Q: 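Provided herewith is a single structure, encoded as structure tokens, for subsequent inquiry.
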Amino acid sequence: MSIETWLLYVVAVLVLTITPGPAVLMCITNSINFGARMTLFPALGNITSLIAIMTCSAIGIGAILATSALVFTIIKYLGVAYLLYLGISSLRAKSSDFVLPAETELRGTRLRLYVKGMLVGISNPKALLFFTAFFPQFINPAAAKLPQFLVLCTTFVFFEFSVLMLYAIFAERMGPWLRSKGKAKMFNQFSGGVFVAAAGLLATVKRAND
């Protein structure tokens, strides 16, 4: 892989990761609700899903998604359903204030946040488009594929994790303002709308040859 190809990939990844989407919103929400430190778990869950999607793309499962309308549609609408669930849950939330839980109340929360991060990562329309249609274009078929995959994967993981945690830290700094009376309801309405919009965007995603 040439340095020019890698730098082009870095630019594409940077644009993708800094653009707010479901994963960013999830980390912001968790940072407000639990603090930036707890956001590490959903961020790692999201990274786990992205590594799985990248691996599938590298071994050719991305080609199956591109050619099998049934498999692609099933995966797509499972993601749509989950994003709608997150959106509707936020829209229906009754709380009007954010209150950080005590450490004793966080038992079991870490695993739940990790799993939620994985589900958001799998259902992220940007990630599905990037790794099934765009990612393979950076792989040189005439060269050894494993070193290229490791470079591309490591680069993406570094930027994705760094950006998610920066958003989480920013949200924690904004915590005092967001935790003022009535802000929780406003934020839940906003985040619910974003998740519903993301579900709508994912529903419009089509295979590359459609």
Side-chain angles (χ1 to χ4, degrees), residues 1-29 31 39-40 42-68 71-73 75-76 78-80 82-83 117-171 194-195 197-210:
M1 179 186 296
S2 66
I3 187 65
E4 291 82 7
T5 300
W6 180 76
L7 288 174
L8 180 61
Y9 177 76
V10 167
V11 172
V13 168
L14 187 59
V15 171
L16 181 74
T17 54
I18 65 175
T19 305
V24 168
L25 180 59
M26 171 194 65
C27 285
I28 290 175
T29 303
S31 182
T39 306
L40 175 68
L44 289 175
N46 183 69
I47 293 296
T48 301
S49 291
L50 295 180
I51 291 175
I53 295 173
M54 279 188 279
T55 303
C56 289
S57 177
I59 65 178
I61 294 179
I64 296 175
L65 292 176
T67 56
S68 173
V71 174
F72 183 88
T73 300
I75 292 176
K76 180 175 75 171
L78 285 174
V80 169
Y82 184 66
L83 289 174
M118 288 183 63
L119 293 173
V120 169
I122 290 173
S123 59
N124 188 336
K126 292 191 302 180
L128 291 174
L129 278 174
F130 186 83
F131 293 119
T132 59
F134 201 50
F135 181 75
Q137 298 179 31
F138 291 95
I139 301 289
N140 181 358
K145 293 183 177 61
L146 181 59
Q148 296 181 79
F149 171 74
L150 291 176
V151 169
L152 296 177
C153 183
T154 302
T155 301
F156 193 94
V157 166
F158 171 78
F159 279 103
E160 176 74 1
F161 183 76
S162 299
V163 168
L164 290 179
M165 293 311 297
L166 284 173
Y167 270 112
I169 292 170
F170 172 76
V194 172
F195 279 123
L201 176 62
L202 180 56
T204 65
V205 171
K206 297 181 179 180
R207 295 180 301 142
N209 56 346
D210 282 350

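What you are looking at is a predicted structure, and each value in this text was computed from that prediction instead of being measured.
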Q: For a quick test of reading the model, state the closest non-hydrogen atom pair linking Val120 to Met26 and the distance between them.
A: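 Shortest heavy-atom contact: CG2-SD, 3.8 Å.
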
Q: I want to check something: taking the side chain as every heavy atom from C-beta on, are Phe161 and Leu44 in contact at a cut-off of under 4.5 Å?
A: yes

Q: What is the minimum heavy-atom distance between Gly121 and Leu50, and which atoms define it?
A: O-CD2, 4.3 Å

Q: Any chance you could measure Cys27, atom SG, to Leu40, atom CG, to the nearest 0.5 Å?
A: 9.5 Å

Q: Out of curiosity, Ile28 CD1 to Phe170 CZ, how far, rounded to the nearest 0.5 Å?
A: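 Here the interatomic distance stands at 7.5 Å.
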
Q: Going from CD1 on Ile169 to CG on Leu164, what distance comes out if it is rounded to the nearest 0.5 angstrom?
A: 11.0 Å

Q: May I have the step-by-step check of side-chain contact (heavy atoms from CB on, under 4.5 Å) for Phe149 and Thr55, ending in yes or no?
A: CA-CA 8 Å; Phe149 171 74; Thr55 303; 3.6 Å; yes

Q: According to side chain to side chain donor-acceptor pair (under 3.5 Å), who are the partners of Ser49, at least two apart in sequence or on a separate chain?
A: none

Q: Enumerate, atom names and distances included, each donor-acceptor pair closer than 3.5 Å involving a side-chain atom of residues 150-159, sequence neighbours excluded.
A:
residue: Thr154; atom: OG1; partner: Leu150; partner atom: O; Å: 2.7
residue: Thr155; atom: OG1; partner: Trp6; partner atom: NE1; Å: 3.0
residue: Thr155; atom: OG1; partner: Val151; partner atom: O; Å: 2.7

